[in-house]
Each structure stands twice: as structure tokens, then as C-alpha cells.
Amino acid sequence: MTADCYCCFGCASAAVRYRICGWQDNLCRLSSRCLLIHWIARSRGHGAMEKQRFSLLLLEPNEIYFEDFSVDIVRLGGTADVRCTEPDLQTAGRLKMCSRSLVFEAKGASAGQPLIKIMYKDCTTIDRQCQDGSEPASGDGQRLAIRCRQYIEMLDRGQIQPYRFVQQECTFLFHFHYAKLDECLQQICQLYRASTLPSYEQNSMIATIVYSRHSRVKFNPLWLNNLYERTVADFQVEEINPLVVNPGRLLVTNAFIYFQYYNNISTKPVLKVAIRHITGLSKHRYLLRQIGLRIRWQDEQQQQQPSAVAAAGGTDQCLYLVFRNQPDRDDCWRCIGEQPDYAAAEQSPESMTLKWQNGLVSNYDYLLYLNGLADRSFQDLTQYPVFPWIVTDYTSPELNLAEPGVYRDLAKPVGALNPERLARLRSRYEEMGEPKFLYGSHYSTPGFVLYYLVRKHPELMLCLQNGKFDHPDRMFNSVADAYHNCLHNMSDFKELIPEFYDPEQGGDFLQNGLKIDFGTRFDGTPVGHVALPPWAQNSPARFVRLLRQALESDYVSARLHHWIDLIFGYRQQGQPALDADNVFYHLCYEGSVDLGQINDLAARHAIEVQISEFGQIPRQLFRTAHVSKLLAVPGAVGPAGGRMVLRALGEYCTHKDAITAVAIDRAVGHIFTTSKDGTMTCYSLGERRKIRSVQLSDLPISSVQLAPDRSIILGGWDNTIFIYNFDFGKISSTIRAHDDAVSCISYVPSYGLLVSGSWDCSLKIWNNYHNDSVVGYHVLEEKVVSLDTFAGERTIRVAVGLQSGELLLYELDGRTVHRPTSYTRDNQQLLQTHRGAVCEVRFSAKGTLIASVGEDRLLYVTDADSSMTICRKELAETVRCLCWTADGKYLLLGDRTGTLHVWNMLLGVVESELTLHTACVYRIECIDEQRIVSCGKDDNNYCVKLWDVAT
């Protein structure tokens, strides 16, 4: 039995499936070409001999389908005595018992007849009846008699069309071929009684019935792959697809997961997935509750023939489940992840952001990725992926993408694009009581999604709107009109969906390819294809292709991060949202209500309806401003971007204890090192020999910096900063700098400033390192263990790493920095918190990125402008030192085992690992683009090694 047990409705090839945006190293693009076709097929049952027209989409949204029975149906007229009425012809078929209705599907020669749906709420009586009206003999043919005020006809002659509501008294007689009438009647009467209750009580009673029925369903051990499988966990779950909820059991063993269907909507009773084939396992939010789990996998055929699968448009398959509560969901996630066969490699969000920033991932793919990360899915219409309006010109004969005027302001939400409308909304906001909101409707709801997709998936609209299409004049008839309405209507703030930017679909959702009769507009025009702007030349494919080009343009790439801030980032909530005019109704936000704590059934039902029908804000992904995309990205290193290779140039052993710091005078080719043995040495690259070794202190020297006048600035554990004059070979000045050891120093030559940090938990800025003129002072709560500086045109940035693991950033005004200042917490910004002491922090060459490593084995790369985490990587060993290459493409990381990790900043991966020393790498520095120097321990020797870099 294979994991892929579905075929697509309307497609000859079972390989056509929608694509889920993965966290894998190779970005899985969402193939919207079959985003809904896949699960529409799964919502239908597929008979082996005869096509089944019944679909879960023919039920009310979230209605449960239990089971079906082989029956004959006879429809009678309106008199009360069924024996006195001439019956219609008897028809054979299947009777589907559902939680809110009964659905009859004719079979055989009558298969073209419409499906008949009888809502329990429309029934007047449900009872048993014999053919002659008397009490039946045991085993005699029994009939179920249902009398109703109204019934519904669907899919007449197999055509998708609005349902026909037949409002007349009618009686249906069902003769059961095999099932026992008494058992069926008891179940149907239970559901009938539930329909007489208020909605919230009805839902509660149905949930009880569902739980009771399903708790009696057992898992057949014969479905297991082999006799040696061990059951790990068993969960009651629901499979989620747009407007469809299908309960089942999820069984986890040590080698497989099994999803058992509680009904026969699928051709096979169980879906089996090998844990070794799982490619992704991610937690998700459902109806603002953390109870969702999405499982992605590739079957064996896909893994063996990836090229053929890709050519066919197939990618990872997906199962989206919701659990009864968050602990169950978390237990399932843990159980699967702990199995020996589980080997899915999830890519970190920081790594994906890094790839996007460096142009390795397109804007389209990155937005799809963020949507998936924020719990938005093609399987959940309440959280469908959202994309921005980009183009504003829908009237010109040509679209000039080089003209900035054709683009929307991405720093504003749709509701704020029209100043006049925004003024009226603000005025209403000021007069409103708490909780206030600017926008009463959302930018993405199930109705808005189907507004765009009704031509491609009309059955979804019929399901959502009780068997009816929207009024013809309110449908998506014109792109220009839709955009105009979003700018001017006081209740229309919707954004777009991914299909507008996916050329692979060719814009098929814009055409009435199914030739559905949607009605006639007010002016007598029938609803057909969507009217496109003149520059599209009446071609949906050209329209979507140009929109995609606009989305990927440099203009949008330079500004897209502003829209990300609004939808997924820091301007989504709180005061930044208010400042950006980005405030929606409070129930749209995660955390606004805990449904699990609401015991009032009526109140809970009302909130659930609000959440499911009126939109949900995506999960907030970023707490700080998102980084912008780099428009000019350097190419790969070397002729083919090969891996870094090091060739040893030489080494010398110069200290008797651990090396604490290294500084390079590139102008003359001198390498200075300091050590815990209190010595400083100088090595000449030109002469290839050590030219100076001097004992400067009885205590360790922690740091060394070079000044333009050939002075060497050193910090020591004796609480002092001393200046060594290289020309005269002596200490020219000693400053009693701190009350404890000076742990780190950094010199800013363009401003003539020295910054020092100490174990006395203080940070000092010195105006002239030849005396004790302190112009800046800040007391911290932990020891300062590392710092680095970057001098810009107007500001000086100081990155500080603390013993507690905090990474702080100070920005000093270059115009006033020479004035004495006592800095406070208001001057600092917390960028990261390592779980152990910070080992080293370093600015990139441009000062825009800060890399930090700590005792927790974590590497962080943080954007200094936005405070956003660009990269987070946990390594196998603690990294003691790091440095940037001159071009900023690589980070060199030296760990305590002597290994150098080469981190590729463009790809966001460890590109290679090289052994530099047999023990710890203490310090590493780039001499130039082709050479690096490493300081470490080899056996019992403390060595400095020179390396030639090649790719």
C-alpha cells in the first residue's frame, strides 16, 4: 500500500498536486496549479466501478460525513397518508448519513439524477414504515419514512450549478438493503434531535455523537506494515481541507504513521506514510488555537525519481491535522520526531531570510515561505496565503515597470492608500469605544479568497454560500473595478492571493473555463471571464506574467520589507500598528481570546464564527523591522564558487599560555599577538620571522589594538590600559582604567576614541588613549567579555557581549561623542540573548551586520539597522572566535576542538569544515583576501599559523 492513494478530480495524472512551501534546503515552491484540485479529489469518494458524485463539499462547511447505506428511494407527494399517494419511480442508490443532513446519490441507470439533500432541520417526522403501513415482520423489508418541508437538489445531470431548493411538503421512503433499520433510525433520530437545538448546543451534541461513534471504531492490526511494528501513540484528529473537516485516527508507530478514515470517502481505509519519507513536520495554528500539525512527505517513487516527479509538477504530499488540544498536538510532534527513522531537515527562518536578502530566493517564493511560517495554508481558507497589491495602473495600454508611479506604496496597508478614506476611518476610530479598530473587515477571509477563485472552483463558493453564487454585480468581474473598490469602499481592504503572481497557472482562475452560468449583471451582460487591463492584451497569462515581473522588480524588492512589517512583522500589533494605521478588529489577532477557557457555549460559538468567517491576522514572525533586500549582490567566490581550501604557509610557537588577541598592521605586514603569559609578540610577514617578544605584565594581557602613530594599545588583567611604543620598545603610558580586569578594547581611529570593557561591569569611552580622559561611561549588570566598534559618517556603533549572554548595541552620535556623557539603558539596544557567555562579537566590513558566538554553541548574525536576526545556527562545538572575510561573503568560525567552520553568508550554510589546530582555536583574523592567520593550541604548544586561501 503506497502513501499516495488519491487521484485528482479532472486530471488524468495523479502527479498533479499542489505544492507546499517547505523548510528544506532546496526551497519547495507552492504549485498553485492544483492547490485545490488535490483535496477536492480527496473529498470525493472514488468507486472502483462507478464514479461517485458525492463530495464533502456538498455538505455545509465543517459538516461531518459518517457512513452510507445501500437503499432504494421512493419520493411521495404531499398528502399525509403515504399509502394513498402515487409514488415516483423507485431509484437505487446510496444514502449518506451526515451530521446535519441526509444525502441520497442515485446509482446505475439513474446516475444522472440530481443528488437529494434533506436537512434535519427541515424534517417534520422521521419514522419507520412498511410497504403496507403496518408493523413490519422480523426481517421483512423495512422502510425509513422522512417527511420534510424542503429538500435540495444538487448536481443535476452532473453539472455544477446553484442548488435547487424545493419548498414543498414531501415524504421520502428509504428501503435499506443490508443495514438494520433500527440501528440506522436510532442514529438518524439523534442527529434530528440535535438539529432542533440552538446552533451552539447543536454543535456540542454533534461533537458528543462524533466522539461516541469514533471511540468505538478500532484500528485493524492487519493494516500495519509488519508484525514487528511497535505502537508509540494514538490520537483522535481531524483532517483539514478548505471548508471540509474529516475526523479520523492518527496512529504512530516506530516506523510509520497511519491515518485511519472514519468514513469511506477515501478508496482506502487508511493512509500509510513511512516516517523515513517525511520531509517536514511543523506546528500550526487553527482558529487561533495552537492545535494544528502539518506533515509533509515524499513516497518511495518520488524519492527514487525526483526529476520525473518535478517534471510532472508533483512535490511533497501533505496531511494537515488538528488535535483536540495543544498537549496532544505537541505529544504527536515529539513522538514522530523521536523515532530513529525520522530524518527531516528543517531549514531555519533566519537562513531563508538570508537567502532572500542575497537574491537566492525570489520575492514570490519568500512570501510563500513567510505565509507558511505564519500558519497560512492553501488547505485552510480562513488562513489562505496573502499577497500584496503591487501595481496601481489598470487603465494604460502599456505597463511601464520602470516608472515608480505604477507601484503601490508598500509601507501602507490597503486601507491607508486613500488619504480621504483614511481620514474618515480615523474619525470613526476616535469616536469608537474600546476595543477600537480602523478596519471592520479583514484583508483575507474565505469569502475574499473565493471572490477571486470562484471561476476555477465554483463548488467552494456553493459550499460557503449555502448553494448559491454571489450576486452577479458583486462578483470579481474586472481587475480595475476590484482595485478601485479596495481604494474607495469603506469596508473593502482585501489584498491579493498567490495565483495573481504564478505564471505556471497562466491566470486560469481569471477565465470561466468551466462555462458556469453565474447569472447576468445589471446591464444585461452575462458573467464570463474577468475583464483585464488594456496592457494585458486580453491574455490572462500575460497579465499574471507582468504582475510577477512587477513583484520581482528592483523597486518592489527595495520596499517589500515594509509590507512584510505590516503583515508578518513588528507593525502588525501594538503602537507600531497604530502608527501605521494597521489596526483591525481585536478578534482577528492571535492571543485575543482563549477558546479553551470559554465555557459558555453560545459565546464560544459566536467567537468561532467570527474567527472563521471574518479573517485572522497571521502569526507575528518578526518583533523588529525586517531587513531589506540587497539589490547588488556579489557573485560567488572564485571562478565557480568552489569550496574554500587552506594551504599552510608557515607557523611559529611564541607563547607559553593561551593566546588572547591578535592584531594585524597590514601596511607593514606585522602580526601582533598577546597571551595569558603576559607577553606580546610581533611577527614580520616580509621577513617571515618573529621580530619582537616582550614581557609586559605579570598578569594576562586580554586585548591588543593598533594606533596610527605606531603605538600599541593593550588591556590587561591588572585593571590597566597601557600604551607600548613600538619604535622605542617601551611602555609610554599606563592608565588605571577599571576596578577589575580589562577584558576587551576597541580603537576607533577616525574619531580618536578608545572603547574599553571590564569585568567590573562597566563600559568606558576614552577621548585620548594617552591619558585618562573618559568621555563616556556606562555601568552594566554583567561582566563585559567582548566588544567591537564600527565608525560611520555620523555615528559610532558599539557591539557589546556580556558574561550573561546578552548582546547589546550602542549608537553614539559622532558630533557629540567627545563630550562627557554617562550612558543609561536608554542608549542601549538588546539584540540577542545567548544561553551562555558571549565568546566574541564582530561587525561586518560595512557595519550593517553583527556576528556573535557564545558558550551555547550558537552563531547569530543580526542586522544592526533593524535588529532582525538574519542567521541562527547551532554548531556541534563551542565557537571561541570568529572573523568576517573582506568581501563579507563568509564568516570564519574557530571552535574549541581546533576546527574552522566556513559559514557561507549567501547560502546560509556551513560550506566546509577544516582542521587548523589539534586543540582550541583561540583567535582568527584575515590578513588580506588570500591569507588568514589562526592562533591555537597544538599538543602542548601555543602556535600562530599562516594559511593561504583558495577556492
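One-based numbering along the sequence shown. If you're wondering where the values come from, they're calculated on a predicted model, not measured in any experiment.
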With the side chain counted from C-beta on, respond yes when [X] and [Y] share a heavy-atom pair under 4.5 Å apart, and no when they do not.
X      : Y      : result
Arg329 : Gln326 : yes
Phe387 : Leu368 : yes
Pro61  : Cys463 : yes
Pro458 : Phe469 : yes
Glu499 : Asp502 : no

Kindly determine whether Asn246 and Asn263 satisfy side-chain hydrogen bond (donor to acceptor under 3.5 Å, both in side chains), including the steps that lead there.
CA-CA 8 Å; Asn246 197 23; Asn263 53 40; 2.7 Å; yes
Can you sort out the partners of Ser99 under side-chain hydrogen bond (donor to acceptor under 3.5 Å, both in side chains), two or more places apart, ordered by chain and number?
none
Check ion pair [X]-[Y] (N to O, under 4.0 angstrom):
X      : Y      : value
Lys456 : Asp508 : yes
Asp409 : Arg559 : no
Arg474 : Asp470 : yes

Between the CG atom in Asp863 and the OG atom in Ser628, the distance rounded to the nearest 0.5 Å is 7.5 Å
Considering residues, nucleotides and ligands other than Lys283, do more than 12 of their heavy atoms fall under 6.0 Å from its NZ?
yes
With a cut-off of 3.5 Å and sequence neighbours excluded, list every side-chain donor-acceptor pair involving residues 561-568.
| residue | atom | partner | partner atom | Å |
| --- | --- | --- | --- | --- |
| His561 | ND1 | Ala558 | O | 3.4 |
| Trp563 | NE1 | Glu495 | OE2 | 3.1 |
| Asp565 | OD1 | His626 | N | 2.9 |

Exam field: side chain Ser101 to backbone Lys117, donor-acceptor pair closer than 3.5 Å:
no
Whether [X] and [Y] hold their rings parallel, tilted or perpendicular, with breakpoints at 30° and 60°:
X      : Y      : answer
Tyr320 : His284 : perpendicular
Trp389 : Tyr452 : perpendicular
Phe378 : Tyr384 : perpendicular
Phe500 : Phe543 : perpendicular

Are [X] and [Y] close enough that their ring centres sit under 6.0 Å apart?
X      : Y      : result
Tyr570 : Phe622 : no
Tyr501 : Tyr364 : no
Phe437 : Tyr429 : no

Can you confirm whether the side chains of [X] and [Y] place a donor and an acceptor under 3.5 Å from each other?
X      : Y      : answer
Asp492 : Ser441 : no
Ser377 : Asp380 : no
Arg285 : Gln383 : yes

